[in-house]
Amino acid sequence: MSEIENIAKQMIAKGKGILAADESTGTMTKRLSSVNVESTSENRLRFRETLFSAEGMKNYIGGVILYDETIKQKTSSGKTVPELIKSFGSIPGIKVDTGAKKLAGSPEEKVTEGLDGLRERLSEYYKLGARFTKWRAVYSISEKYPSQLAIKSNAHALARYAALVQEAKMVPIVEPEVLMDGEHSIKKCFEVTAKVLKACFEDLKLNKVNLKGTILKPNMILPGNKSKNKSNTKEIAEMTLKCLKENVPAEVPGIAFLSGGQTEIEATENLNQINKLNNTNFLMSFSYGRALQQSALKNWAQDIKDKTETQKIFNHRSKMNGLSTSAKWSMDLEKQTTA
Ligand code: 13P
């Protein structure tokens, strides 16, 4: 097995998933403002270090996605952030796209940028300790969108990104996110996600990306958040599995879902159900941002110097998600608040 194939497996080995802590400074400022904490680089590090040094990291978090600012920061113990993450048995990763920008030709849609100079940035990140990367494309659902142009442009960028990352001996997380916003049905989400995934894998193949050394980070198949028809967890899991089975090549070792605006419990419960019904060979895990951090952040804001309670909350959330990767989560376990 090649080195990158090995890393891809380790990131989501049974019982583990990924912590997406790669919010850009703009996004992190919004998150901190929502709990009335000033967004200084010191505070951003303080919160992240609280999570990265929690016990739950050891058993449940196989990789952490960092942002450019964080990967270069030194923790209170003098270690760099990647060193701290490694000391907990987890792998440091880095977001390398530079954001979703207006797509010329279809200005209401977005294309993700960041290919210029990427080869050089990758080599710098490798030296800083990163062994995997992330690039996120976003697609909105409406009557006329996503357009073929948005689907093709993002697939092209994701594939060129992934090829460059493997050239630099790291694992690319390929994240095509069909957004949850809107009134659309679960069926519409299924159709759009199928189209998006098909286009991505066509371009990944064209760019000779080694799929065995690639992790897919997709959305679950869900109705829009303003849809009149809610779906139960069984329907969500069945539709998600069907969509992935039909559109993701079998060589891909693992799938790590984004949470995309689901509540913490929804994200855990849905992943648990997906693993209960999993009739594929894919490892099905998580790469959550909000669904791993929300409660921890709220608690931390009450006293940013006190790590203990925040770490307890994060440990619990990590453990619940860890259990869901092998369909061992339950609402009873959820209620036991200590990890
Ligand atoms: P959420 O789980 O909050 O959707 O974040 C995952 C992520 O990394 C988005 O790019």
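As the structure lists them, so they are numbered: ligands from 1, and atoms in each ligand from 1. Computed from a prediction, not measured in an experiment: that's the story for all the values here.
Counting the atoms of ligand 1 from 1 in the order shown, those under 4.0 Å from a heavy atom of Lys134 are 7 (C), 8 (O), 9 (C), 10 (O). Counting atoms of ligand 1 from 1 in the listed order, those under 4.0 Å from a heavy atom of Ala20 are 8 (O).
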Verdict with reasoning, Glu175 to Lys134, per salt bridge (charged side-chain N to carboxylate O under 4.0 Å, His left out):
CA-CA 7 Å; Glu175 180 179 9; Lys134 177 187 116 173; 3.4 Å; yes
Please test Glu38 against Arg44 for salt bridge (charged side-chain N to carboxylate O under 4.0 Å, His left out), starting from the C-alpha separation and ending with a verdict.
CA-CA 9 Å; Glu38 193 191 351; Arg44 292 192 288 274; over 6 Å; no
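For atom 3 (O) of ligand 1, the closest non-hydrogen atom of the protein is Arg290 NE, 2.7 Å. When hydrogens are left out, the protein atom nearest atom 9 (C) of ligand 1 is Glu175 OE2, 3.3 Å; that is the closest non-hydrogen contact. Taking atom 6 (C) of ligand 1 as the reference point, the nearest protein heavy-atom neighbour is Lys217 NZ, 3.4 Å. Closest to atom 4 (O) of ligand 1 among all protein heavy atoms lies Gly260 N, 2.7 Å.
Not a single N or O atom of Glu177, backbone or side chain, sits closer than 3.5 Å to an N or O atom of ligand 1. For ligand 1, the polar-atom distance check finds no N/O of Tyr288 at less than 3.5 Å from any of the ligand's N/O atoms. Of the polar atoms of Gly289, at least one N or O is found under 3.5 Å from an N or O of ligand 1, judged by distance alone.
By the 4.0 Å N-to-carboxylate-O rule, Glu124 lies close enough to Lys72 to be salt-bridged with it. Remark: Glu5 does not engage Lys9 in a salt bridge, criterion side-chain N to carboxylate O under 4.0 Å. Of the charged side-chain nitrogens involved, at least one lies within less than 4.0 Å of a carboxylate oxygen, so that Lys234 and Glu238 count as a salt-bridged pair.
At a heavy-atom distance under 4.0 Å, only side-chain atoms of Arg136, from C-beta outward, approach ligand 1. Heavy atoms from both the backbone and the side chain of Ser259 come within less than 4.0 Å of ligand 1.
Using a non-hydrogen distance threshold of 4.0 Å, Lys95 does not register as a contact of ligand 1.
No donor-acceptor pair under 3.5 Å is formed between the side chain of Asn272 and the backbone N or O of Thr325.
The salt bridge (Lys or Arg N to Asp or Glu O under 4.0 Å) search around Glu202 returns none, not counting sequence neighbours.
Screening Asp97, Asn207, Thr133 against Tyr161 for a side chain to side chain donor-acceptor pair (under 3.5 Å) leaves a single residue, Thr133.
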